[in-house]
Engineer: 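Once you've had a glance at the structure underneath, I'll fire off some questions.
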Amino acid sequence: MSHSSVSVRFAPSPTGELHLGGARTALFNWLFAKNQGGQFFLRIEDTDLVRSKDEYTDQILAALKWLGLKWDEPLVYQSKRFDDYKVHITNLLGTGQVYRCFCSKDDLQSARDEGHYQYPGTCRNLTDEGVKQRLNQGIGFTYRIRIPDGETHYEDLIYGPITVNHGEVDDFIVVRSDGSPTYNFTAVIDDHDMNITHVIRGEDHISNTPKQILLYQALGFDVPTFAHLPMILGHDKKRLSKRHGAPGVQSFQDEGYLPESLNNYLALLGWNPGTEEEILSMDELVQKFNLVQVQKKGAVWDEKKLHWVSGQHMMQANTDFILESIRRINPNWGKGSDISYLISIIEMLKQRAKSLTEFIAQSHYFFHAPESYDTAGLKRGWPDKNVNNRVEDIQSVLNEISIWRKENIEKALKVYAAAHELGMGKIIMPIRLAVSGGLTGPNVFEILDHLGKEDTINRIETALNVLPS
RNA sequence: GGCCCGUUCGUCUAGUGGUUAGGACUCCAGGUUUUCAUCCUGGCAACAGGAGUUCGAUUCUCCUACGGGCUACCA
């Protein structure tokens, strides 16, 4: 039934939550698939029974959902495919492309410690008799692939032609002594069984690729196309990790970033649309994405730029969507207020908040009278006792307003300012301080309008009682 | 140790055998905004080094340096 020619997969290992590098790999796979009208699959690489945890799988899936990277069914778990792998081992053993290795872990390790980095080939040419003997003695064994002479060449969609001499490729282990298959082996079989056409993954897999190609050939499978993505780096230019304090994707959600912001920034890390546009919606990313524009060089993670990108998306974001997103990280936000009130607050503030958490912080005074006043703001806006007299005047001016709308408020205060030959700043700063506790925020007349007359008058009253402090 | 990959402003990047090497983030200085954010203007700031090819190299080739990755019975 599948008419699409392109199939890709993201294959995380559930040994930790989804990190930024994984998210970027997932995103690029997804974008490529969508751009090509292909399919995007997910495979959980849980062959490491010791380190894999279900809770990590759950976290990874949740993070991908949040990012909006929907995957096609079925979802593949490698741990459920051990029987499939076994069949291939039997065949490969039959043709001699795989052989049993009876070397112990310790022996191999000590050889490495002495500077012999490659497998010495101890068991490569054991006679049938020799094998039988060892089996009878009950010696544990692994399966290794027999790498033929020659060299392997492939064309990386991002890095170009890559050639490796087989002298550099070890007879690596494909099945451990406990019978479990290793990564390079399972990845090849799964990618084949899942009909993966393009393997898009991190650059750290470049040197695995020849090994896998050799495996494809031994198994008689078609070799897919490979594309390796450059790493995401920390400020020390080393691969980004927890050591850099790099958080999992989940925490970006908690910090109030919109998923499209993270996706947009992640896309810009190692890719560009070929134009000077930087703020792109998911649809635009899908439309413009291609592997040709992907960079070879690793890219340093820059939280500041993410923050800027986030601010751009906040400005453009749909108001209802922002409300929904805020409620997701803070279900109590604006509880008890009319939706229309909340909507108007969002429209006022989304221009100046760069994340949802900033937004929540900046919206506080729309729901609660200030409990304290910004110190630096007081210095400028309410420096001494003289201000109180003026504020009392203003309070009564406001009190006279019968139809409480921002135009009327503005007009009344301007009249007052003109009559007393005062700059508007002298009037607005103390009022802003009184109602919001600080000197930043949207148009002050609009704030008063939203707060309502009673609240405004009360907050000014409170300020008159406690200020200057 | 070996192999593979990479190298343009601090960071993300554009770019061409001849360009004042462009943009974005950050930072700084102005302007607009009665505040803040936005917005506008301006500024700082890069082709790792050395050979070679060439009339001419940031661009092509080689070497060096530096950085990264892999070299596991991890993925």
Side-chain angles (χ1 to χ4, degrees), chain A residues 11-15 45-48 50-52 78 101 103-105 108-109 112 115-119 140-144 156 158-160 162-165 167-170 172-184 186-187 201-211 228 230-231 233 235-239 265 268-272 274-279 293 295-309 311 315 349-354 358 362 377 380-381 410 413-414 417 423-429 432-433 436 438-445:
Chain A
S13 166
T15 53
E45 307 226 323
D46 51 358
T47 54
D48 185 335
V50 180
R51 295 196 303 146
S52 298
Q78 290 192 320
C101 172
C103 298
S104 76
K105 223 184 258 192
L108 293 168
Q109 185 56 49
R112 257 195 305 276
H116 304 292
Y117 288 88
Q118 284 198 306
Y119 173 63
F141 60 88
T142 60
Y143 288 99
R144 287 182 184 273
D156 193 288
I158 290 158
Y159 284 90
I162 292 178
T163 303
V164 172
N165 192 291
E168 304 301 332
V169 184
D170 247 358
F172 59 93
I173 290 173
V174 292
V175 177
R176 302 182 186 95
S177 49
D178 67 358
S180 63
T182 61
Y183 163 72
N184 281 308
T186 57
R201 67 218 321 186
E203 184 213 6
D204 48 333
H205 287 288
I206 284 187
S207 29
N208 281 324
T209 305
K211 296 181 186 178
H228 288 94
M231 307 270 86
L233 277 21
H235 282 290
D236 56 0
K237 304 273 189 179
K238 289 195 200 307
R239 182 214 234 139
Y265 177 63
L268 256 23
L269 230 40
W271 175 81
N272 70 81
T275 64
E276 284 178 349
E277 299 172 90
E278 298 204 287
I279 301 304
Q293 299 278 358
Q295 213 70 216
K296 293 187 181 76
K297 187 175 66 153
V300 176
W301 175 262
D302 180 7
E303 189 97 25
K304 285 203 173 124
K305 183 128 185 186
L306 167 66
H307 206 243
W308 175 78
V309 169
M315 278 189 243
L349 290 179
K350 74 178 186 182
Q351 300 297 322
R352 61 195 78 228
K354 290 200 163 78
E358 279 185 20
Q362 291 176 19
R380 275 175 65 204
E410 180 168 3
L413 291 182
K414 278 190 170 156
M424 281 303 275
K426 293 283 182 207
I427 291 166
I428 278 164
M429 284 205 278
R432 183 186 286 281
L433 227 24
S436 77
L439 282 187
T440 65
N443 181 295
V444 75
F445 309 115

Engineer: Looking for any heavy atom pair under 4.0 Å, which part of the strands does K354(A) touch: base, sugar-phosphate only, or nothing?
Structural biologist: sugar-phosphate

Engineer: Measuring from atom CH2 of W308(A) to atom CD of E303(A), what distance do you get when rounded to the nearest 0.5 angstrom?
Structural biologist: 15.5 Å

Engineer: Can you classify the ring geometry of Y183(A) versus H205(A) as parallel (below 30°), tilted (30 to 60°) or perpendicular (above 60°)?
Structural biologist: tilted

Engineer: Apply side-chain contact (heavy atoms from CB on, under 4.5 Å) to residues T182(A) and Y143(A) and explain how you reach the verdict.
Structural biologist: CA-CA 10 Å; T182(A) 61; Y143(A) 288 99; over 6 Å; no

Engineer: Base, sugar-phosphate or nothing for V444(A)? Non-hydrogen atoms, less than 4.0 Å.
Structural biologist: base

Engineer: Do any side-chain nitrogens or oxygens of Q351(A) fall under 4.0 Å of OP1 or OP2 in rC39(B)?
Structural biologist: no

Engineer: Please measure how far the C1' atom in rG43(B) lies from the corresponding atom in rC9(B), and state the result in whole Å.
Structural biologist: 14 Å

Engineer: For N184(A) and V174(A): C-alpha separation, side-chain torsions, deciding distance, then whether side-chain contact (heavy atoms from CB on, under 4.5 Å) applies.
Structural biologist: CA-CA 7 Å; N184(A) 281 308; V174(A) 292; over 6 Å; no

Engineer: When the nearest nucleotide of RNA chain B is assigned to F445(A) and to T142(A) on a heavy-atom basis, which residue is associated with the more 5' position?
Structural biologist: F445(A)

Engineer: Among rA75(B), rG68(B), rC5(B), which nucleotide sits nearest the side chain of I162(A)?
Structural biologist: rC5(B)

Engineer: If you measure from CG on L269(A) to CG on L306(A), what distance do you get to the nearest 0.5 Å?
Structural biologist: 9.5 Å

Engineer: Measuring from the side chain of E276(A) (C-beta onward, heavy atoms only), which nucleotide among rG22(B), rC4(B), rA75(B) has the closest atom?
Structural biologist: rG22(B)

Engineer: Would you mind classifying the nucleic acid contact of G441(A) as base, sugar-phosphate or nothing, using non-hydrogen atoms under 4.0 angstrom?
Structural biologist: base

Engineer: Measure from the side chain of R352(A), starting at C-beta and using heavy atoms only, and say which of rA37(B), rG68(B), rA72(B) lies closest.
Structural biologist: rA37(B)

Engineer: What's the closest nucleotide to the side chain of K304(A) if the choices are rG68(B), rU26(B), rA75(B)?
Structural biologist: rU26(B)

Engineer: From the options rG6(B), rC73(B), rG67(B), select the nucleotide whose nearest atom is closest to the side chain of K237(A).
Structural biologist: rG67(B)

Engineer: Compare side-chain N and O positions of R112(A) against OP1 and OP2 of rC73(B) and report whether any pair is under 4.0 Å apart.
Structural biologist: yes

Engineer: Considering only the C1' atoms, how many Å lie between rG56(B) and rG52(B), rounded to the nearest integer?
Structural biologist: 14 Å

Engineer: Specify the closest pair of heavy atoms between E168(A) and V164(A), including all atoms of both residues, with the distance to one decimal.
Structural biologist: CB-CG1, 4.2 Å

Engineer: Using the P atoms only, state how far rG1(B) lies from rU19(B), rounded to an integer number of Å.
Structural biologist: 42 Å

Engineer: For atom C1', what is the distance between rU53(B) and rG42(B), given to the nearest Å?
Structural biologist: 42 Å

Engineer: rC73(B), rU38(B), rA75(B): which one has an atom nearest the side-chain heavy atoms of M315(A)?
Structural biologist: rU38(B)

Engineer: Compare the minimum distances between each of rU13(B), rC5(B), rU26(B) and the side chain of A299(A), then state the nucleotide with the smallest one.
Structural biologist: rU13(B)

Engineer: For the C1' atoms, the ones on rU32(B) and on rU38(B), what distance do you get once it is rounded to whole angstrom?
Structural biologist: 10 Å

Engineer: Contact class for H235(A) vs. all strands (heavy atom < 4.0 Å): base, sugar-phosphate, or nothing?
Structural biologist: nothing

Engineer: I want to check one thing: is the phosphate of rA14(B), taken as OP1 and OP2, less than 4.0 Å away from some side-chain N or O of N272(A)?
Structural biologist: yes

Engineer: Heavy-atom nearest nucleotide on RNA chain B for Q118(A) versus V300(A): which residue maps closer to 5'?
Structural biologist: V300(A)

Engineer: Determine: side-chain N/O of T182(A) to OP1/OP2 of rA72(B), distance under 4.0 Å, yes or no.
Structural biologist: no

Engineer: Answer yes or no: does a side-chain N or O of R239(A) lie under 4.0 Å from OP1 or OP2 of rG6(B)?
Structural biologist: no

Engineer: Just checking G202(A): base, sugar-phosphate only, or nothing, at a heavy-atom cut-off of under 4.0 Å?
Structural biologist: nothing

Engineer: Between K297(A) and rC5(B), is there a side-chain N or O to OP1/OP2 distance below 4.0 Å?
Structural biologist: no

Engineer: Looking for any heavy atom pair under 4.0 Å, which part of the strands does P12(A) touch: base, sugar-phosphate only, or nothing?
Structural biologist: nothing

Engineer: Nearest whole Å is fine: how far is rA75(B) P from K211(A) NZ?
Structural biologist: 12 Å

Engineer: For rG22(B) versus rA45(B), give the span between their C1' atoms, rounded off to a whole number of Å.
Structural biologist: 14 Å

Engineer: Over all strands shown, is Y117(A) touching base, sugar-phosphate only, or nothing at heavy-atom distances under 4.0 angstrom?
Structural biologist: base

Engineer: Compare all side-chain heavy atoms of T209(A) with those of H228(A) and state whether any distance is below 4.5 angstrom.
Structural biologist: yes

Engineer: Heavy atoms under 4.0 Å, any strand shown: does N165(A) hit a base, just sugar-phosphate, or nothing?
Structural biologist: nothing

Engineer: Pick base, sugar-phosphate or nothing for K105(A), based on heavy-atom distances below 4.0 Å to the nucleic acid.
Structural biologist: base

Engineer: Starting the side chain at C-beta, find the nucleotide from rU13(B), rA75(B), rC73(B) nearest to Q295(A).
Structural biologist: rU13(B)

Engineer: Which part of the nucleic acid, if any, lies within reach of T275(A) when heavy atoms closer than 4.0 Å are counted: base, sugar-phosphate only, or nothing?
Structural biologist: nothing

Engineer: Over all strands shown, is T440(A) touching base, sugar-phosphate only, or nothing at heavy-atom distances under 4.0 angstrom?
Structural biologist: base

Engineer: Could you please name the option among rC70(B), rC4(B), rG67(B) that lies closest to any side-chain atom of S207(A)?
Structural biologist: rC70(B)

Engineer: Hey, does I173(A) reach any base, or is it just sugar-phosphate, or nothing, if we go heavy atoms under 4.0 Å?
Structural biologist: base

Engineer: Does the structure show a Watson-Crick or G-U wobble partner for rG1(B), both distances under 3.5 Å? Name it, or say none.
Structural biologist: rU71(B)

Engineer: Can you find a side-chain donor-acceptor pair between S180(A) and D178(A) that sits under 3.5 Å?
Structural biologist: yes

Engineer: When you measure only distances, ignoring hydrogens and angles, does the side chain of D204(A) come within 3.5 Å of the base of rA75(B) through a donor and an acceptor?
Structural biologist: no

Engineer: Report which part of the nucleic acid I206(A) touches: base, sugar-phosphate, or nothing (heavy-atom distance under 4.0 Å, all strands).
Structural biologist: sugar-phosphate

